[in-house]
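No experiment lies behind these values; they were computed from the predicted model shown.
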Amino acid sequence: MNTKTTAQTAGDTAAASRRTRLRRAGIPLSAGMMLVTLGVVYGDIGTSPMYTLKAIVSGNGGLATMGEDAVLGALSLIIWTLTLITTVKYVLVAMKADNHNEGGIFALYSLVKRCARWLILPAMIGGAALLADGILTPAVTVTTAIEGLRTIDAVHQVIGDNQRIVIIVTVTILCALFLIQRAGTSTIGRLFGPIMTLWFLYLGAAGLMNVGGNLSVLRALNPLRGLTFLFDGSINAAGVMVLGNVFLCTTGAEALYSDMGHVGKANIYGTWPFVKLCLIFNYLGQGAWILVNQHNQELARIEDLNPFFEMIPANFRVLAVVLSTLAAIIASQALITGSYSIVSEAIRLDLLPHMKINYPSETRGQIYIPLVNSIMWIACIFVVLLFQRSSAMEAAYGLAITVTMLMTTMLLFAYLSHNRKKTAFAVVFACVFGAIELMFFFSSLTKFFHGGWFTVLMATLIFAVMYIWRRGTAIEHTQSVYLPVARYLDQLKALSHDTDFPYTADNLVFLTNDSSHDKLDRDILYSILDKQPKRARAYYFLNIKVTNEPYTHEFIVNDFGTNFVFKVQLRLGFRVNQRVNTYLYQIVADLMQHNNLEPQDHKYSIYRNRGKVGDFRFCLIRKMLSPESDISGFNANVIGAKYFIRRFAGSPARWYGLENSSIIFEYVPLFGRTKRQHRLRRVSGQQEQEQALHAAATSASMEGDDEDIFSADMQAELQESVVEVEHELVGGDTASFKPLRIDDDEIDAAGAGGGLLDETDGERGGTN
């Protein structure tokens, strides 16, 4: 029996309508959001003129080696890289592949994961590389900007070449930046938006001022100039490897795609033409300045010459440095907000543990993840202290992002060919962009021993965490057994009236990830009936669902035709405080009002009017690996590593406002199967036949589930486990089930469930 009030039914209909409008519209185009977009999205790619040509000039041998053909060729490569990679691939193609208006490599994987199981690997590799790049970006951009202070004579006389002062200022700025993240991207965007608008206007004006003195640089718009420069060793000392430096001009493209959920694709479409035009003008202006000053011996002697600052007249250089410093801070913001989006999507896909996610604004796409913020903060400070100079950081910069772009191309190929049914276009797309990005990747490999090893190391560590979490989940699923609650109602009723056992609580609540209508994880029923039987007047199995709207307050309840067992799904908006104990009082009162639950009268109370709702106790189940578990050495190590990672994800008691509530923590063995001594057993033909039929039914029940290489690898063990335990449990039906989907468009986080708790980890929350 599924009990639901008329108001709730009407509310569900209205909520569904609102969700549909939200999915279709996303964040609409507006002047205010375009300003936020400039402040949030373009920081990384907007600061690329500060170091791209500087790196190319340095890699080619210095200012004196930059003849006309070299300058025009380098500019041509930059312009067409911006056009092909950023404009065509990301703005025109990738942004069409949005998952409910969310972007990024994990959102893209969510769209194509049913195409092939192995696609989870490029998603994990690309996501890990992008997160590693996000750690390096704030350090390199802020350090570069602060080093620009030395181009001001008055400042140089004070700090000289003392890099320690630069490090102190950089660390101070980074600390302030990460501290303000909790305000949310909307607030930060309104603050940073006007600054970035001024910054892009400055880029365009400074570039045009120099282009006016040498209009010949406009010949760089010819792509043949770039190809000639790339393959002619007489004008390009770096050869094809120069692409490793050229690539710096488009490193913010992936962050642009990831930030789509924060600002809406319409606002990116509306602002990108302005941003791109200003960037091209500035690059052309730097090229014009190099052509005019290539024979200037005094400038040639400057170590780490930066055309971006040098092309500005000395009287205006203070403004340039101040603006570049502010823009560098905002560039860091673009990667930080992008990292929040990536991690949020990874949590939804069960690639990372659940973390506390805050929604500081009315728009769900604008999020703040405290744990991610803290980790990036510490890592960025470490990068500054490790490399100390921007030139060393630039060597590490860009290598990881080439990997992400290659992985995105693979996923886009799957999206275009399978989802959009444009196979011919998908093949052309993959060949063109795959070839371009492979060239960028191999040229960037030259940076490995000069600092690129750090980003590779960081990406490898992040990938290892994802691998451990995903494989650990697949291993756990081999023993995830779900039982029909109806078959245990008689025992639950008998226990609730059994005076041999004292009351554990009037209302005993289990938090569960399971969003199905009528089944429960075996471990919950085991906890109630077998492990110190828990007598209560009423049992609640609570699943928390976070909706795509900010202020949803709904619940769905199945009472199984009883007045003592209730499976409840609490549907809360993403901005609603998830203090479940307060909502449970309302749910219990509603059940009493509709005669689904008997009043729980208090015999003793400090209040004159004694309440009708009794006390609550919450049971949080934590699974653990026991020495007797039947698991191989490698898989045991994976599970151990997953549980080690889990400790840092936070406390579910704090997430759900249960700090001051009565809580039972129970530890249960991870596996139902344990190592056993060899025993002789009699096998009948009839028994073998029944087991084979049951295994076939189990396999059929899972055909509709999303699979990847991890879950597929463990499929045989899951079926074996189901067969082995079926006769040990009341009811016998232990087959895996496809979870109830509350929203048709909801992406389930790996396997059964879809609510907030990891199905193999009863104490954890799940996807927001």
Side-chain angles (χ1 to χ4, degrees), residues 354 356 485 491-493 495-514 520-521 523-544 555 557 559 562-570 572 576-592 596-607 609-624 646-647 649-668 755-758 761-766:
H354 175 73
K356 175 69 173 177
V485 179
Q491 292 194 60
L492 291 172
K493 182 177 182 179
L495 176 59
S496 68
H497 292 87
D498 192 340
T499 57
D500 290 341
F501 295 92
Y503 275 119
T504 301
D506 289 324
N507 301 284
L508 185 59
V509 184
F510 287 81
L511 298 180
T512 174
N513 78 303
D514 171 27
L520 281 176
D521 191 309
D523 291 324
I524 293 178
L525 290 168
Y526 175 84
S527 172
I528 298 174
L529 299 174
D530 294 84
K531 189 172 184 179
Q532 296 177 344
K534 299 173 179 62
R535 183 186 176 198
R537 293 189 181 184
Y539 299 93
Y540 303 85
F541 310 108
L542 180 65
N543 169 242
I544 303 170
F555 73 94
V557 60
D559 62 12
T562 73
N563 61 357
F564 59 92
V565 175
F566 306 95
K567 189 159 189 187
V568 181
Q569 182 172 79
L570 183 59
L572 300 176
V576 174
N577 194 324
Q578 296 180 9
R579 302 192 68 84
V580 298
N581 53 351
T582 59
Y583 294 114
L584 275 172
Y585 276 97
Q586 297 182 39
I587 292 172
V588 171
D590 183 87
L591 291 174
M592 291 180 180
N596 301 119
L597 178 66
E598 294 180 357
Q600 300 170 344
D601 296 318
H602 288 203
K603 187 174 182 180
Y604 306 101
S605 176
I606 64 171
Y607 298 105
N609 296 321
R610 297 169 185 172
K612 299 294 185 181
V613 179
D615 65 308
F616 287 84
R617 201 160 190 190
F618 297 85
C619 187
L620 302 180
I621 296 177
R622 298 185 178 184
K623 297 196 178 183
M624 57 183 292
R646 184 180 64 184
R647 296 173 190 169
S651 168
R654 184 177 178 184
W655 298 337
Y656 303 127
L658 304 178
E659 305 97 323
N660 300 318
S661 300
S662 178
I663 302 177
I664 302 172
F665 289 98
E666 283 198 349
Y667 295 86
V668 298
L756 284 184
L757 296 179
D758 186 314
D761 186 4
E763 90 284 11
R764 289 177 47 251

Distance, nearest 0.5 Å, that separates [atom1] of [X] from [atom2] of [Y]:
X	Y	atom1	atom2	answer
Leu529	Ile524	CG	CD1	11.5 Å
Leu525	Phe541	CG	CZ	6.0 Å
Ile528	Lys534	CD1	NZ	7.5 Å
Thr512	Leu620	OG1	CG	11.5 Å
Leu570	Leu584	CG	CG	7.5 Å
Gln569	Leu542	CD	CG	9.0 Å

Of all residues at least two apart in sequence or in a different chain, which pass the side-chain hydrogen bond (donor to acceptor under 3.5 Å, both in side chains) check with Glu598?
Asn563
For Thr504, check side-chain hydrogen bond (donor to acceptor under 3.5 Å, both in side chains) against everything at least two apart and list the hits.
none
Given side chains that start at C-beta, do those of [X] and [Y] come closer than 4.5 Å, heavy atoms only?
X	Y	value
Ile621	Ser527	yes
Asp590	Val557	no
Asp521	Phe510	no

Would Leu520 and Tyr539 count as a side chain to side chain contact (heavy atoms under 4.5 Å, CB included) here? Give the steps.
CA-CA 12 Å; Leu520 281 176; Tyr539 299 93; over 6 Å; no
Taking ring pair (Phe, Tyr, Trp, His ring centres under 6.0 Å) as the test, write out the residues that go with [X], two or more places apart.
X	answer
Tyr585	Phe616
Tyr540	Phe566
Tyr526	none

Does atom NZ (Lys493) have a neighbourhood of more than 12 heavy atoms from anything else shown, all under 6.0 Å?
no
Is a side-chain N or O of Arg535 found less than 3.5 angstrom from the main chain of Phe501, in a donor-acceptor match?
yes
Pairwise salt bridge (charged side-chain N to carboxylate O under 4.0 Å, His left out) hits with a residue in residues 498-513, at least two apart:
Asp506-Arg537
Scanning both residues in full, the closest heavy-atom pair of Ser496 with Ala536 reads CB-O, 3.2 Å
